[in-house]
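What follows is a single structure, written as structure tokens, with notes after it.
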Amino acid sequence: GAIPESGGVGGGSSVRRGPCAPTSELGARRAPPSAGRRCAAAAMRATRSAAELLVGSASAPNLHARPGSAGSGGGGAGSFRGAELRRSVKSQSAFAGLTKHDFGHALGDHGLTWEDTIVTAVRGQALKKGVRPGWKIYMVDGQVVNSGQDIWARFQEAKWQWRNSSVCFVTDMLAIRAEAARARAAKIQAEVERLARLPFEGSHDERHMEMVKEEFKFQGYIDGAENRSITLRQLQRMLNWSGDHCHRWRDPKTRAKLTIAGMTIYQINHWLLKPATLEKDCSFTEMLTSQKQPPAWFVIQWWGEKLQELVMCLKAHQALRQVPETSGFWIGAYANRQNSWQDEIGLGLTNNAMYRAMELARFKVVMTLDQKTDFKPAASQLSRMWCDYEAIMCLDEPNVELDIAAVHSAGNGTQSRAVVILTKGLTEAERDAERMTPGSGYKQKESRERSFSIDIIERALAVTIQKAETSDPSHRDAILNILAGKEQGQPPPEDSEQYTKANKRLRALFALTCWRRIIAITADDSMKDLQLAITDAIRNDMWRELLSLDLAFMNGAASEKMGLAMRSLPPSIKELSLNLGSMNISDEHLLALGGILPTSLESIDFKLDHNSDISNVGIANFMTNVPPKIRKQAMDLKGTGVSKEFQERGDTLEGIKSAIYEESQKGNLCTTVNLLPNKEARGRMTYQLERSKCY
């Protein structure tokens with residue numbers, strides 16, 4: 001209803017005069033319930049504080065309630081006398097030219113009518129005392145008033161207490177007009193601010209489009225979506241602008257208020273990417289630059305991932321991999337033209353922009369994983385069809401470099417978050433440290449990856465493509481048909497050997513990135529199962545022909561770690577790279593290793609450096625047991641017990657064979673067998689085998 005703003009006759013009040021609420025000299029009355037928005041807004045603009053009432057932070061009091069001071073006698077707020085009133089006026093007034101008048105209760109109506117605090121009409125006592133319209137009511141009964149409501153309340157209180165009222169008026173018209181102008185400007189500003197807080201009707205809102213166009217202007221078309229990566233600086237610019245404007249955005253489905261902390265790519269696409277690129281039918285990258293930006297890394301991410309978490313992961317990854325600031329990350333949401341994008345699913349695994357972008361990035365791929373919430377587990381990307389499909393695209397690339405970046409709680413008792421990144425091998429900085437001090441680079445890697453969630457690794461080893469989800473069911477059907485080798489437009493098969501193949505290969509890809517995080521742990525009973533799951537995942541990739549495993553500087557028994565490595569070898573492997581540096585392995589370990597290598601091997605590259613117990617005899621025995629198809633071989637023998645000739649010739653198969661032959665001509669190879677009683681089993685013997693040169 002309308003709020004009383006002007007005084008009336010008989011000590012009462014009337015509602016503010018205006019087009020929606022006619023004045024009543026007998027009291028306030030409510031506006032009709034059918035009053036429109038214009039009337040409501042007009043009533044709100046006349047209140048004491050537009051900044052508060054226009055946003056709904058204050059409401060009209062019950063104007064008919066009896067004040068608590070009613071009937072309290074002469075000790076109320078109105079019992080001021082001359083000296084006290086003058087001191088109060090002098091101390092509180094910021095105006096010159098104050099005039100005080102007393103209005104007697106027994107003399108009838110005070111005769112004042114006001115709008116806000118400005119006198120608009122006089123009659124009765126006010127007319128007789130010389131009060132003029134335009135004066136400002138500054139104080140009633142010694143209390144400064146700030147609105148028409150305050151004035152009405154003071155007069156009403158005096159009426160109910162059957163006493164006179166003292167009113168101080170500001171009579172300086174120049175000061176009154178100046179204050180009115182300031183108040184009007186403040187109300188206008190408050191109205192502007194209120195409108196700026198109201199949600200837009202949708203992404204098509206005219207004012208929203210004006211702000212988007214003002215910030216993001218078309219720069220030029222770039223041929224080939226694979227050339228439209230986005231730099232972190234450009235991504236941060238978009239994030240900052242969205243954070244400043246998203247208070248007027250609402251979720252397109254739920255209409256919930258959006259904040260930058262919880263905004264996803266789905267929502268940023270609705271409110272910014274598509275509106276900004278609609279007129280030119282371009283990608284968002286083309287709103288930021290007209291130059292080709294080939295990607296340094298391809299990003300696998302989910303549109304439901306929080307945008308802030310994505311940027312956190314990419315910033316951490318950029319620092320870890322020392323990616324230049326001018327280099328870009330390829331993200332489909334910004335590289336594709338969203339208003340005319342036609343999915344390229346039906347074109348196959350390698351005939352699309354995503355695969356071409358991976359090629360430009362030399363198959364350097366980073367997968368970003370989101371944080372666990374109350375509504376979903378961590379790493380939702382592992383159960384999203386598009387994320388798995390993009391990972392499948394790089395399975396046939398032997399030198400793919402997959403990094404996995406995950407956001408998790410910092411674990412320091414606060415709400416802070418941190419990013420942990422798993423890498424298949426050492427980073428450039430860690431390799432530099434390793435060259436300076438052997439073992440230091442591996443320590444840095446293990447320290448960096450130690451807090452990566454075991455739960456996420458277990459989920460990665462159980463990924464199942466046919467159970468993955470998509471926002472558009474047609475995309476799921478199309479992807480499954482591609483994998484199953486079926487025609488598009490048909491329902492995909494429920495199960496297929498090709499699904500099984502894709503699942504096994506995906507799990508192996510993830511297992512290789514997680515290899516050192518799990519295998520380097522000195523296993524207890526609970527961790528042994530996960531270590532075996534890692535080895536099983538790699539071994540089950542029967543289509544893999546090249547494999548690289550790193551055991552260097554791992555703690556624990558050498559035989560145990562080597563056993564896990566040998567258990568991981570697929571039967572079809574043709575090229576094997578194995579780093580056994582500083583593992584404390586001996587000739588006996590090498591002899592056993594040579595006997596269990598897959599017969600399909602054609603090339604081996606073993607790093608055996610800094611294992612002082614390896615001798616010429618151990619190398620000779622190993623070479624006699626290697627698979628017969630070996631055509632290429634290299635061994636790093638620095639820091640071992642072998643001769644200088646072996647070290648110098650160990651990098652080629654012919655070189656090591658000639659060194660072994662020359663060594664054999666210097667003497668005879670003797671085998672010594674020692675039979676000893678077995679202390680643990682009576683009646684049985686154990687033997688020790690020693691091979692040495694006899695000159």
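Because only heavy atoms are used, hydrogens play no part in the values below, and waters and symmetry mates are left out as well, while side chains stay in. Sequential numbering from 1 along the given sequence is applied to the chain's residues.
With His105 as the partner, the ring pair (Phe, Tyr, Trp, His ring centres under 6.0 Å) test is satisfied by one option alone out of Trp160, Trp162, Phe155: Trp162. Just one of Trp386, Tyr266, Trp302, Trp303 meets the side chain to side chain donor-acceptor pair (under 3.5 Å) condition when paired with Ser471; it is Tyr266.
Rounded to the nearest 0.5 Å, atoms CH2 (Trp271) and NE2 (His208) are 6.0 Å apart. Separating the CD1 atom in Ile151 from the CG atom in Asp141 is a distance of 12.0 Å, to the nearest 0.5 Å. The distance from atom CD of Glu469 to atom CG of Asp388, rounded to the nearest 0.5 Å, is 11.0 Å.
Contact record, Trp114 with Asp116: CD1-O, 3.1 Å, taken as the closest heavy-atom pair. Counting all heavy atoms, side chain and backbone alike, Val170 lies closest to Ile176 at O-CD1, 3.1 Å.
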| message | Between Trp249 and His245, does the ring-ring contact (aromatic ring centres under 6.0 Å, His included) criterion hold? Intermediate values first, please. | response | CA-CA 8 Å; Trp249 301 355; His245 295 79; 7.6 Å; no
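In terms of modelled atom types and a separation under 3.5 Å, the side chain of Tyr334 and the main chain of Phe329 share no donor-acceptor contact. In this structure, the side chain of Asp109 engages the main chain of Gly111 through a donor-acceptor pair within 3.5 Å. Panel note: side chain Glu449, backbone Ser447; no donor-acceptor pair is recorded below 3.5 Å. Side-chain N or O atoms of Asp403 include none that pairs as donor or acceptor with a backbone N or O of Ile421 at under 3.5 Å.
Every residue two or more places apart in sequence or in another chain that forms a salt bridge (Lys or Arg N to Asp or Glu O under 4.0 Å) with Arg233 is listed here: Glu325. Here Phe284 pairs with Phe216 under the ring pair (Phe, Tyr, Trp, His ring centres under 6.0 Å) rule; sequence neighbours left out.
Under the salt bridge (Lys or Arg N to Asp or Glu O under 4.0 Å) criterion, the residue pairs touching residues 237-263 are Glu215-Arg237, with sequence neighbours excluded.
Salt-bridge annotation for Glu179 and Lys136: present, with a side-chain N of the basic residue lying under 4.0 Å from a carboxylate O of the acidic one.
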